[in-house]
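For reference, the structure is listed below as structure tokens.
Sequence lines set the chain letters: A, B, ... in the order given, protein chains first and strands last, and positions in each chain run from 1.
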Protein chains: 2
Amino acid sequence: MPDPRKSALEPMLRKLEYGAFLNGEDRDALLSLPHMNKTVEAHTYILREGDKPTHACLMLSGLTYRHKIVANGARQIVSLHMAGDLVDLQNALLGTADHHVQALTRSDVAFIPLEAIKNIAFDRPAIGQAMWYDTLVDGSIFREWIANVGRRDARTRLAHLFCEYALRMEAAGLGDHNEWELPMTQEVLADCTGLTPVHVNRMLKSLEQDGLISRTRRSVTVRDWKALAAAGDFQSAYLHLPAHKLALTQ
Amino acid sequence: MPDPRKSALEPMLRKLEYGAFLNGEDRDALLSLPHMNKTVEAHTYILREGDKPTHACLMLSGLTYRHKIVANGARQIVSLHMAGDLVDLQNALLGTADHHVQALTRSDVAFIPLEAIKNIAFDRPAIGQAMWYDTLVDGSIFREWIANVGRRDARTRLAHLFCEYALRMEAAGLGDHNEWELPMTQEVLADCTGLTPVHVNRMLKSLEQDGLISRTRRSVTVRDWKALAAAGDFQSAYLHLPAHKLALTQ
DNA sequence: CGCCCATTTGACAGCTTTCAAATCGCGTGG
DNA sequence: CCACGCGATTTGAAAGCTGTCAAATGGGCG
């Protein structure tokens, strides 16, 4: 058995502890899960629609996203994932993947056998509850995205996406909500928000000219968090982050 | 203990058995869950954003929907629910509701104490897995809705919604996928698809004029399922329905 | 019969897309 | 160290899908 204190699976603990209290044995069991580490290059498909996955995918570093392709060829990104996220529990547990999972940047991931996940979830109720909770938070974010692309205008959508991304990155210990890396093209932002890259560009300019953000090529600085959150109709409750993770943005 | 064979909770079994094999004891345990039946009138709020629910809500008859209100006052419906659906497991397990749940029509529902749900889910792995699976299918439908409102044009969105609704109603034993009740105003359809009621009206007319559907005041008849599915870019995999439920539409 | 809400219709406005072209940024090779 | 090349970004003009506004029509219920 690997030494839990050195397990590569550490990043998973933080998120799972949002949803349940894990004791020492639970933590050891989680960190001792069998897994295979792998580095995937940017743009690599980790899973395709229709696949029958045998492993779940845990993010260790980098960014990945899930997306669907509709009839006219357009792509809709349905979620972004960062270190600590169990990206693919949904596809894995449902049996057949109903969407694609792809690397946005070079990423380190750990593949954990589905059987091991199921066993630990049902042998250890606290872990099972934590994993269930985690997939429910994913669901909550999906609901907010439906509202975002369905009922908000372009500028609001983009501001909302930024606020969500900033808070999640900060909660994951990957940055400050007021300044973060944004390693994605405007085309990716467009596919997250249901817009065109051209219009994303215009809205970025608008947010910048109004003094809400400033940008360099691959990073964003928030100049006025409150104004950005207001512009994005952003309220963080749907992220279901623990209170101490939200202190800085209140 | 109530006689399981007469439990009002029967409609729940069908859906849960999609996700796991339940033995006799599991079924008895499920049907013996403590619950309180209630009839809610159309338009009644079952739960509001911010509430801390103590019960989950199982649909026995009628229709309910979940929705969010954005800053400009617009409403986005994020899901529709019919008999057998555990509408509110998400809000219940997450602790604080991040969206509203409201009755679309007069509905019979059963409120099941959250503690009883948690206990049965972790005492009986098959049930826990089935419930988890059920919430994952909800998540899959959310993802499809993101793509629907994000990347499909108005006519396609509406056709897609109809196909989904038809198949779910049929799977729930509430109608035929080629002819079903549609007890909702065009405003509700608009809030499901991120459109305006006026434009929904135009698209309905378009679908009708093209011979894909015909309508009476509160019901829809599909004239050409294949054409409707094509018009709606609809493929049913994301519903994760068992094969035997799909036979008629292949 | 009359009221009220939902549906339908038309004209017009506007947000977003489309199409193209120019500019910029950055890694590569001379 | 600088020129080159390619993808990403930026910009402009015009088209189009969808929204807005308003009014007419229709259907159900008291």
B:Arg66 vs B:Asp138, salt bridge (charged side-chain N to carboxylate O under 4.0 Å, His left out): CA-CA, chis, key distance, verdict: CA-CA 12 Å; B:Arg66 306 199 250 168; B:Asp138 275 3; 3.3 Å; yes
Before accepting this row, confirm whether a basic side-chain N of the pair A:Arg155/A:Asp210 lies closer than 4.0 Å to the acidic partner's carboxylate O. yes
Should the heavy atoms of other residues, nucleotides or ligands under 6.0 Å from CZ of A:Arg106 be counted, would the total exceed 12? no
Reading nucleotides 9-22 of chain D 5' to 3', which nucleotides get B (base under 4.0 Å from a protein heavy atom), which S (sugar-phosphate only), which -? SBBBB----BBBB-
Within the distance-only criterion (no hydrogens, no angle test), does the side chain of A:Asp176 pair as donor or acceptor with the backbone N or O of A:Asn178 below 3.5 angstrom? yes
What is the separation between atom CG on A:Asn72 and atom P on C:dT17, rounded to the nearest whole Å? 12 Å
Looking just at side-chain N and O atoms, do B:Glu144 and B:His160 make a donor-acceptor pair shorter than 3.5 Å? yes
